[in-house]
Amino acid sequence: MEVSSGREHLYSDTELDLLEGQVIEDLKAASQEPISDPDSWLDEELSQNVLLTRLDWIINWGRRSSMWPVICFPACCAFEFISVMGPRFDMGRFGMEVLRASPRQADLLITAGTLTWKMAPNVRRIYNQMAEPKWVIAMGACGISGGIFRSSYNVVPGYNRIVPVDVYVPGCPPRPEALLYGIQMLQKKIARRGNFANGGQP
Amino acid sequence: MTTSLLTTEVAKQINEHLPGAVVETTDAAILVNGNSLLDVADFFKNTAGLDFDYLTTITAVDYYQYFEVIYLFVSMEHNHSLVVKARCSRENPSLPSLVSLWRSADHQEREIYDLMGITFEGHPNMKRIVLWPEFQGHPLRKDYL
Ligand code: SF4
């Protein structure tokens, strides 16, 4: 009497060879004619689908889902930013994994570090080179207010003296989760934005 | 690890070649006369057995009455090192530059000039490095507020 192994879906080598052959034979038999252009056989209804939305919403959706940060990492907060970029926290989930070396291709300035007055003109310049629309997240105590270096002879007491800041993320440095939360706050802020005069009414 | 040379023995050598250059010798360092600093440095670099081919660090301390500049010399060849100090007064804060002997002195002397206000005579480009040219004062001095 044959005893069932209880693992019917596991096949012996010979059976596997046999089944593989059968699968190929079946596929070959069913594939004697070329498949025609999908447009000619996709559902009539599907091809006539309409998605109703507001232009504001779709523009804001596009903007907030593809924010590319520019490189501006003057101090230690940068390491926290790097871990946000990395696979563990993965900023790419929010459509912003592309870190741009050129400000022309970036939408977001994340100020990851202490800013000195000597560096300030360069940060202003990076900001000015970014294309509109653009946003700034002040990351860390230094970004918000100068942090522990606030009273130093060479530290800018807060990035908002140099560039307009949209979202402030506190911490020294902020945890990666905090930065992600700040980014999501910014995305909510962008979602609320009206892009047309008088609310888009004609 | 780099072994530090015995300061007393090196001081004896300096005294033979440049009498009057050594002001004081402690276990840690040799204090030399500011005016003969360049000669002593040249002696360090070009004497067989010493061969200090690398100037790793220059730093400065404000002792209120005077400034002290500290040099750390290393010989890659013999793997030994030595600390040398020189002082200058608060009224005339100036020492000879060592850029002509070691290029590594360039930025470090400029940094000391910038933050401590000591001028290095003979430096080819004696200007501020960390702060901007219009900045008033030297922030690492004890009396800077
Ligand atoms: S906030 Fe803290 S971690 Fe961030 S740059 Fe300032 S000192 Fe460094």
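A, B, ... follow the sequence lines: proteins, then strands. Residue 1 opens every chain.
- For CD of A:E177, the number of neighbouring non-hydrogen atoms (other residues, nucleotides, ligands) closer than 6.0 Å is greater than 12.
- No more than 12 heavy-atom neighbours from other residues, nucleotides or ligands sit within 6.0 angstrom of CZ on A:R125.
- For the atom pair B:W132 CH2 and A:T116 OG1, the distance stands at 8.0 Å (nearest 0.5 Å).
- Crowding of A:F79 atom CZ: a count of heavy atoms from other residues, nucleotides or ligands under 6.0 Å not exceeding 12.
- Around CD of A:E132, the count of heavy atoms belonging to other residues, nucleotides or ligands within 6.0 Å exceeds 12.
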Determine, step by step, whether B:F135 and A:W117 satisfy the side-chain contact (heavy atoms from CB on, under 4.5 Å) criterion, reporting the C-alpha distance in whole Å, the side-chain angles of both residues, the deciding distance to 0.1 Å, and the verdict. CA-CA 11 Å; B:F135 190 88; A:W117 282 111; over 6 Å; no
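- In terms of heavy-atom proximity, A:N154 sits nearest to B:V130 at ND2-O, 4.1 Å.
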